[in-house]
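Take a look at the structure below.
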Amino acid sequence: MNILVLNGPNLNLLGRREPDVYGSATLADVEALAARVAAELGVHAECRQSNHEGQLVDWIGQAPGRFDGLVINPAAYTHTSVALRDALAAAALPAVEVHLSNVHARESFRHLSLTAPVCVGQIGGFGIRGYEWAMRALVEHIQSRQQKGHSR
Ligand code: CA2
């Protein structure tokens with residue numbers, strides 16, 4: 001099983017700014033965690049980060065046939081991007097949305113996610129551990145669908 005772990009804009013700054021909001025772990029720590037969890041689950045995880053909406057759209061569009069599902073932190077695009085939502089819907093791969101912070105306890109503009117309705121579920125508020133739970137939830141979801149005979 002192949003899992004694509006996507007991180008959106010400014011998450012390359014993780015651990016270097018705003019540690020009170022986002023913690024002190026870095027993007028490299030997220031990638032190491034994803035590799036460790038993938039090995040434990042017996043799956044392959046590929047991590048990518050971009051600050052560019054179109055790049056994220058392209059990666060999601062290229063995912064069917066290469067990946068079985070996605071873990072995605074769309075970052076600020078969560079709240080603004082119809083393009084990312086449409087890409088996720090068109091790819092029709094199971095996706096789990098993850099946020100480091102509890103977006104519902106923050107400014108009201110972060111309460112709306114345009115992308116969550118086209119995801120299987122959303123995890124937030126637990127720092128980088130959320131990526132681990134998102135991966136576990138995604139893999140279980142894909143496996144249970146496979147057992148029920150879904151093609152994807
Ligand atoms: O809590 C999350 O994971 C967010 O997706 C992070 C986004 C924010 O716009 C969302 O509302 C919630 C911001 C990502 C920027 O990450 C930074 C990390 C360190 C320093 C500055 C920005």
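Atoms within each ligand, like the ligands themselves, are counted from 1 in listed order.
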_Set of residues satisfying salt bridge (Lys or Arg N to Asp or Glu O under 4.0 Å) with respect to R85, sequence neighbours excluded_ = none
*Which word best sums up how the rings of F109 and H79 line up, parallel for under 30°, tilted for 30 to 60°, or perpendicular for over 60°?*
perpendicular
*asked:* Clusters formed by hydrophobic residues whose side-chain heavy atoms approach within less than 4.5 Å: which one holds L112, and what are its other members?
replied: V82, L114
*For the pair E46 and R66, find out whether any cationic side-chain nitrogen is under 4.0 Å from an anionic carboxylate oxygen.*
no
*Can you tell me if CD on E140 sees more than 12 non-hydrogen neighbours from other groups inside 6.0 Å?*
no
*salt bridge (Lys or Arg N to Asp or Glu O under 4.0 Å) with R106: which residues, sequence neighbours excluded?*
none
*Give the protein residues with at least one non-hydrogen atom closer than 4.0 Å to an atom of ligand 1, ordered by chain and number.*
P9, N10, L11, L13, L14, R17, E18, Y22, N73, A75, A76, H79, H99, L100, S101, V103, R110
